[in-house]
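To start, the structure under review is shown below, and the notes come after it.
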Protein chains: 4
Amino acid sequence: MVATPAGPAAGAADHRKGPRRRGEVLDTAILEATLAELAEVGYARLAMGQIAARAHTSKASLYKRWPNRAELVVAALARQRGEPVPAPDTGSLRGDLLALLRWGAQRLDGLFGEAVRGLMVETLTNPERTASVRANMFTARDKLMSEILERATERGDIPVTALNPHVIGFAPALVDHHFLIYGAPIPDELLRGIVDDLLLPLLTLPADGAHEP
Amino acid sequence: MVATPAGPAAGAADHRKGPRRRGEVLDTAILEATLAELAEVGYARLAMGQIAARAHTSKASLYKRWPNRAELVVAALARQRGEPVPAPDTGSLRGDLLALLRWGAQRLDGLFGEAVRGLMVETLTNPERTASVRANMFTARDKLMSEILERATERGDIPVTALNPHVIGFAPALVDHHFLIYGAPIPDELLRGIVDDLLLPLLTLPADGAHEP
Amino acid sequence: MVATPAGPAAGAADHRKGPRRRGEVLDTAILEATLAELAEVGYARLAMGQIAARAHTSKASLYKRWPNRAELVVAALARQRGEPVPAPDTGSLRGDLLALLRWGAQRLDGLFGEAVRGLMVETLTNPERTASVRANMFTARDKLMSEILERATERGDIPVTALNPHVIGFAPALVDHHFLIYGAPIPDELLRGIVDDLLLPLLTLPADGAHEP
Amino acid sequence: MVATPAGPAAGAADHRKGPRRRGEVLDTAILEATLAELAEVGYARLAMGQIAARAHTSKASLYKRWPNRAELVVAALARQRGEPVPAPDTGSLRGDLLALLRWGAQRLDGLFGEAVRGLMVETLTNPERTASVRANMFTARDKLMSEILERATERGDIPVTALNPHVIGFAPALVDHHFLIYGAPIPDELLRGIVDDLLLPLLTLPADGAHEP
DNA sequence: CCTTAATCGAGACGGTACGTCGTGTCTTTAT
DNA sequence: ATAAAGACACGACGTACCGTCTCGATTAAGG
């Protein structure tokens, strides 16, 4: 029920009759309502009043917890992806990479993607925090990528020299970029192209690293 | 107006000196005002009324030409980058690539970047058009990249086999991605990293291309 | 607001001293502002935005209470004439009648007249209500007329047979009609003419009443 | 075709193919279109642009001839009632009076009434002209009333002393007043009441005229 | 157990921008 | 020169959402 993508009253347990909610319980209800609204109308048409109504609470209760829409959405996303995803382990490097990109692509094709798109324009309390929040949306993915590559080096599939920060982060970034421009869903062909034409060649190239003339 | 549903307006006399502007002239005035406002308040606070005021015209004249803010901004950008930029020609491939990325990075650090950020969230008349508009914002850059690489192949700096669509587009995409997350200005170090750690290795690697098991 | 269809507003701080007005207090402020604007610019140039500004509130607060300008004006008038005016009692019938017509004429020479004129063209929610509202603007006057005439019959100044609905209502109607055509102020000569040439003759004529052949 | 109360293109002869209209011909087309629009949408929703469109001409041609909507409507009405109506002559005074009031009442139940209502609020170029225009709308009726009453005095039905300006004008004024408040159609009962309870008694009362104490 | 302070639910409030419509003026083109 | 067509500048319309505030009802904690 965390983020049922449909249903007009999804994500809101009926609270009437019961005692008035507060604290943690209310927090959860609000965040669930946020995700539900996000899935239903998208970030652009996300309205605080609607979220409050869906959560059967008031706008004041929202603003007491989060200063604005952007922060609320950030919190809602943080709540959602609570369970840590294990790094894919298909046996082959290529399989792992593809699995990871596919997982990321699929995540974008949903309310996470909606939120990502919206948060790309909003400015949080300050620029640093804004950048931090945006970056955090992808740290999980970057970490998994690191795991995969480390495992590959241990297996001897790729040289240790191939590992550098740019190589780790660039593939997911390309997926994001495609999503932001062309939207979801992301064609699997693109993912295969990134892996086969860019990532694997880069990872397996002979270690010289001297391109500076 | 007593009986009219809309205001009487009482036809205010035109106060400006010259003749009333029309057509192309007015178009230009509006688009310039749009760019000026964009640079001043950013996409988020861009308001049709303010643009109209700055252009000394009316909202109606804006809406007669463009159906909404997003389309207006798109048109303004299209007008702005009228002059085709020549591909950099520094003599070396690396120099050309760096020059190109730096040009793109600098463009993002201004009202073009503001607009890019905004247009990433807006939905134009339909999804296809939306994607098309977004893609068009980068076609110039991609074309220049093609020129540079072609020249390099002619010089024999890189094998023809290195050229494929993914290789052409991915470097600018990484710059954009960084901009969207961390904002402008984009550190030159990042650009150098992209060129030295990703682009040049990929372009100069031995031709095998067979990674599919 | 980047992604929101409506403005960001950025929640301007309340600048006034006292606590935020609500309910009855705000109602009164709005209605008073309405009357003030009415007196200043007339019904024709009466604008909701101006009224809101004068009342230091927002258009939304106006529209939450009244669906349109006409209803707002009706409400403002209703509020204004709260104090019931006592029927004139000069001792003589002629004196009473003149006093009443003069009171009505004077009322028209002000914002009440402005409103009357405007409301003659507007259509309220439905025709019945429209007629009712218009009629109500004059019920007070008609009632006073009834009182005067009743008192005169009690004194024996006029026969009971003289009293019929047409006789009661027609004098004020003539005043209104003159106002609508020639505007205010209404010449006292007209009022005297109505009383001496029409009303008194009618009221004091010998009781036959048989004009139907 | 002068004022067909229905039909989307009523009142506009097809002019295309033929030579471009000007002068009198165009005047007529515009005035007919005005009346047609008036009948169709009423004074409140009367729009210059719509009139121009219906007359297959331009707003400029309208404003070249009349300075605003009100004057245009006045002109249109003047054109319409071109043919002078003969005073009713039923043989009896009561019959004549009733016929006259009925004619006036019927006239109000149509586009003339719509226009009357609208013109009650508009201010023409200056107050004098405004009053004059409004008064002129009823001069025809007043003149007929004079004729009727004169004929009655000649017949000896009523004393000459009964004739005074107030008596002449007040009956039609009551009809107008009722129309403005309760709208059209005007119940025949009202007209009979005015004649029997007010007009005839006043006209036939014994000549004393001294009510001033 | 009964006060007392806090918080909740509900929604009013002041404000800003929206996109539309009508007015009366002006410009252009075709007749 | 004038008609037809319609663009233009202006301003009011009525709506939507924001973020703040007020109010009464409910609830947890303190005496």
### Query
Within the structure shown, what part of the strands sits under 4.0 Å from A:A52 by heavy-atom distance: base, sugar-phosphate, or nothing?
nothing
### Message
What is the distance, to the nearest angstrom, from the CG atom on C:D27 to the P atom on E:dA12?
### Response
12 Å
### Message
Using a 4.0 Å heavy-atom cut-off, does D:K59 contact any base of the nucleic acid, only the sugar-phosphate backbone, or nothing at all?
### Response
base
### Message
Taking 4.0 Å as the cut-off, does a side-chain nitrogen or oxygen of B:R45 come that near to OP1 or OP2 on F:dC18?
### Response
no
### Query
Counting side-chain heavy atoms from CB outward, which of F:dA3, F:dT15, F:dC8 is closest to B:L26?
F:dC8
### Message
Taking the minimum atom-to-atom distance to the side chain of D:A60, which one of E:dG24, E:dC26, F:dC18 wins?
### Response
E:dC26
### Query
Within this structure, what is the CZ-to-P distance between C:R54 and F:dA12, rounded to whole angstrom?
15 Å
#### Entry: Exam field: side chain A:S132 to backbone A:E128, donor-acceptor pair closer than 3.5 Å
no
### Task
Give one of base, sugar-phosphate or nothing for B:S61, where a contact means two heavy atoms less than 4.0 Å apart.
sugar-phosphate
### Task
In plain terms, say whether B:R65 and B:E71 are close enough for a salt bridge, that is, a side-chain N and a carboxylate O under 4.0 Å apart.
no
### Summary
Rounded to whole Å, the CZ-P distance (C:R22 to E:dG11) equals 12 Å
#### Entry: Under 4.0 angstrom between D:T57 side-chain N/O and F:dA4 OP1 or OP2
yes
### Query
Rounded to whole angstroms, how far apart are CG on C:L62 and C1' on E:dG15?
14 Å
### Candidates E:dA12, F:dA7, E:dT23 - which lies nearest the side chain of D:R69
E:dT23
### Task
May I have the distance from A:L46 (atom CG) to F:dA16 (atom P), rounded to whole angstrom?
17 Å
### Task
Kindly point out which of E:dC18, E:dC8, E:dC13 is positioned nearest to the side chain of A:R65?
E:dC8
#### Entry: Pairwise side-chain contact, A:V116 with A:Y43, heavy-atom cut-off 4.5 Å (strictly under)
no
### Message
Looking only at the side chain of D:Y63 (C-beta and beyond, no hydrogens), which of the listed nucleotides F:dT15, E:dT25, E:dA12 gets closest?
### Response
E:dT25
### Task
Grab the NZ-P distance between A:K64 and E:dG9 for me, whole Å please.
11 Å
#### Entry: Selected nucleotide, minimal atom distance to D:S58 side chain, candidates E:dC8, F:dA5, F:dA12
F:dA5
### Message
Between P on F:dC18 and CE on A:M48, what's the gap in Å once rounded to a whole number?
### Response
7 Å
### Electrostatic pair B:R54:B:E40 at N-O distance under 4.0 angstrom
yes
### Message
Does a side-chain N or O of B:R21 approach OP1 or OP2 of E:dT25 to a distance below 4.0 Å, or not?
### Response
no
#### Entry: Distance in angstrom units between D:N68 CG and E:dG22 P, rounded
17 Å
### Query
Would you say the side-chain atoms of D:T28 and D:R79 include a donor-acceptor pair closer than 3.5 Å?
yes
